[in-house]
Protein chains: 2
Amino acid sequence: MNTKSEPETAAAYDPGAFDRPSVTVDVVALTARDDRLHVLLVRRGVWPFEGQWALPGGFVKMDEDLYAAAQRELCEETGVPAATYLEQLYTFGAPGRDPRTRVISVAYYALLPGPGGGPACAEPEAGSDAAEARWWPVDALPPLAFDHGEIVATALSRLRAKLGYTSVAYALLPEEFTLSELQRVYEVILARPLDKRNFRKKMLAADILEPTPRQRRVGAHRPAQLYRFTRREAVLLD
Amino acid sequence: MNTKSEPETAAAYDPGAFDRPSVTVDVVALTARDDRLHVLLVRRGVWPFEGQWALPGGFVKMDEDLYAAAQRELCEETGVPAATYLEQLYTFGAPGRDPRTRVISVAYYALLPGPGGGPACAEPEAGSDAAEARWWPVDALPPLAFDHGEIVATALSRLRAKLGYTSVAYALLPEEFTLSELQRVYEVILARPLDKRNFRKKMLAADILEPTPRQRRVGAHRPAQLYRFTRREAVLLD
DNA sequence: GGTACTATGTGTTTAATGAACACGAAGTCA
DNA sequence: TGACTTCGTGTTCATTAAACACATAGTACC
């Protein structure tokens, strides 16, 4: 805040007296499926960028927390359940980014478990307002509306960085999972192969996993031990 | 952005049709002086929090970039020259954070060289709108207006983290400096002593410093070699 | 001019961490 | 019972981080 007397005082008593930007939230929802990282996009039904794909998002309500607005827009527009992880990413506010008027967008990124991850991994349905909603592989995105390409790129680099020093991966996996599945999530996000032995060693040493009494037997080979995260929240490693 | 047709369309053609939050920028300006880290605060002249200390900041103009708004508010309200480093920090938007109306604040943090650092380290003067402006040691702040205490805390933890993997320290030092001065900046920010030999070894190995032809002779002891950063911008280390 | 004073400047050892690397085990299926 | 496929496990080596002490180059004072 500032100490200017005129605009602030005026704003207090007459909120409509000055032009002010619109404020939206946009959500980069990410999930790992089919050994690729995917983003959830909706197809726009109205000008501008009509027919193009864009991030789900919308206006912040007058008495609504930013975090709550992001969660709400994600669910409303895409039909997916609440994200297992949702964090503010960056605020995009270049004057020309929306051709209609000045729009400042607070971007969030969300993580959801992939298929088989329980209710939170449900398929998107076109929400109340979106013409269409679907998952797109991040390495083969269509042209995006507004500056949403930049927003997605920012989200990816944040997620890659965060994967290195926190346990956020929990948000992309179901309650129980094998170490191979966990490793695949890391490989998909980092887009490079990891050494199996080093990976398992590091994960088990990090004290964030515990074995469950169950195994997963699938296919004609040795069954895998199932693990779960000891805490379903992102904790700092090291 | 979203694909809702009603509000967006309305916003495009009648920006005043809906209540919308006010958007401000607040700036956490930091500098190192007297072997302590300091924040620049202004004393508020009007309700609410009249007489209390707050971060410099103010409304974003309709056609103004967020970064430019932060730079402008910093200079206008405190009289300090343009920051050598300015980066977006986080956006604070809890509905009750300002008692007047809904205010969403995009916080930035700025770094300035300490005394002796040339024009950029000039003393603050009460700006056009601020009753008073001065540097406060971060470990002995007065009670702050709004949620500005939280904003300062966020800035400090960001700066501490960033110091570890980038060369941002350049922004807190004058063009030329000694390795001891550089080390003191690190110690002040991290609030712990560092080993001199390890510090020098790491800094020189990072390939971000170059010696100048000059030395600094001050006091009754051996003069120190002066260095400068090879690039006056934050680069990633490792 | 000699001595005290003070910050500068410099290497080595040790511990911890990260990277590379191969093979037997436990299942299913034909 | 043999072929197939994924699971599960240790060691070595290189790199990085942490601990640690003393001679040097100036000034100030006697």
Side-chain angles (χ1 to χ4, degrees), chain A residues 34-35 116 160-161 163-167 169 173-174 176-228 236-238, chain B residues 32 34-35 114 116 160-161 163-167 169 173-174 176-228 236-238:
Chain A
D34 307 330
D35 287 352
R160 288 190 177 116
L163 205 60
Y165 63 94
T166 72
S167 63
L173 289 159
E176 299 193 343
F177 52 88
T178 68
L179 287 181
S180 296
E181 290 166 351
L182 179 59
Q183 180 174 346
R184 223 158 291 137
V185 164
Y186 272 76
E187 291 176 332
V188 160
I189 294 171
L190 301 178
R192 67 187 161 92
L194 299 175
D195 178 82
K196 179 161 58 156
R197 280 173 291 187
N198 291 335
F199 181 80
R200 296 161 97 92
K201 208 185 319 165
K202 199 163 98 179
M203 282 299 149
L204 294 173
D207 194 39
I208 52 174
L209 300 181
E210 59 188 7
T212 75
R214 273 177 296 213
Q215 296 187 323
R216 172 161 298 164
R217 53 188 186 294
V218 56
H221 51 77
R222 179 173 181 175
Q225 177 64 238
L226 284 171
Y227 289 84
R228 74 162 65 90
L236 290 175
L237 306 182
D238 305 356
Chain B
D34 308 330
D35 287 351
R160 286 189 180 117
L163 206 60
Y165 62 94
T166 71
S167 63
L173 288 160
E176 299 193 342
F177 52 88
T178 69
L179 287 181
S180 297
E181 289 165 351
L182 179 59
Q183 180 173 345
R184 221 157 292 137
V185 165
Y186 272 75
E187 290 176 331
V188 160
I189 294 172
L190 301 177
R192 67 186 162 93
L194 299 175
D195 178 84
K196 180 162 57 157
R197 279 171 293 185
N198 291 336
F199 180 80
R200 296 162 96 92
K201 208 186 317 167
K202 199 163 98 179
M203 283 299 150
L204 293 173
D207 195 37
I208 52 175
L209 299 180
E210 57 186 11
T212 74
R214 272 178 295 213
Q215 296 187 323
R216 171 161 301 164
R217 54 188 186 292
V218 56
H221 51 78
R222 180 174 180 174
Q225 177 63 239
L226 285 171
Y227 289 83
R228 72 163 66 91
L236 291 175
L237 305 183
D238 305 356

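Each chain gets a letter, A, B and so on, in the order its sequence line appears, and its residues count up from 1.
- Nearest-nucleotide positions on DNA chain D for A:Val218 and A:Leu204 put A:Val218 closer to the 5' end.
- When the nucleotides D:dG26, C:dG11, D:dT9 are ranked by their closest atom to the side chain of B:Arg197, C:dG11 comes out on top.
- Of the residues near DNA chain C, B:Arg184 and B:Asp195, the one whose nearest nucleotide (by heavy atom distance) lies more toward the 5' end is B:Arg184.
- If you take CG of B:Leu182 and P of C:dG9, they are 12 Å apart, rounded to a whole angstrom.
- Nearest nucleotide to the side chain of B:His221, out of D:dG26, C:dT12, D:dG8: D:dG26.
- The residue among A:Lys201 and A:Arg217 whose nearest nucleotide of DNA chain C is located toward the 5' end is A:Lys201.
- As a whole-Å value, the separation of B:Phe199 CZ from C:dG9 C1' is 14 Å.
- Between A:Thr212 and A:Gln225, the shortest heavy-atom distance links the atoms O-OE1, 2.7 Å.
- In this structure, A:Tyr186 atom OH and C:dG18 atom P are separated by 13 Å, rounded to whole Å.
- Minimum heavy-atom separation, B:Phe199 to B:Leu179: CE2-O, 3.9 Å.
- For D:dT6, its base never sits under 3.5 Å from the side chain of A:Arg222 at any donor and acceptor pair.
- For B:Asp195, the CG atom counts as densely surrounded, since its 6.0 Å shell holds more than 12 non-hydrogen atoms of other residues, nucleotides or ligands.
- Base engagement by A:Arg200 is indicated by at least one non-hydrogen atom pair under 4.0 Å involving a base atom.
- In the displayed structure, B:Arg160 atom CZ is contacted under 6.0 Å by more than 12 heavy atoms of other residues, nucleotides or ligands.
- In this structure, B:Leu194 places its CG atom 14 Å from P of C:dT8, rounding to the nearest Å.
- Rounded to an integer number of Å, the gap from CD of B:Gln215 to P of D:dT24 is 17 Å.
- Summarising the geometry, the separation between CD on B:Gln225 and P on D:dG26 is reported as 12 Å, rounded to the nearest angstrom.
- With hydrogens and angles ignored, no donor-acceptor pair closer than 3.5 Å exists between the side chain of B:Lys202 and the base of D:dT16.
- A donor-acceptor contact under 3.5 Å is formed by the side chain of B:Lys196 with the base of C:dG9.
- Between B:Ser180 and C:dT8 there is a side-chain polar atom (N or O) within less than 4.0 angstrom of OP1 or OP2.
- Nearest approach of B:Leu237 to B:Ala206, heavy atoms of both residues: CD2-CB, 4.4 Å.
- The nucleotide whose nearest atom lies closest to any side-chain atom of B:Asn198 is, among C:dG27, D:dC20, C:dA19, D:dC20.
- Between A:Met203 atom CE and C:dG18 atom C1' there is a gap of 14 Å when expressed in whole angstrom units.
- Separating the CZ atom of B:Arg216 from the P atom of C:dG9 is a distance of 12 Å, rounded to the nearest angstrom.
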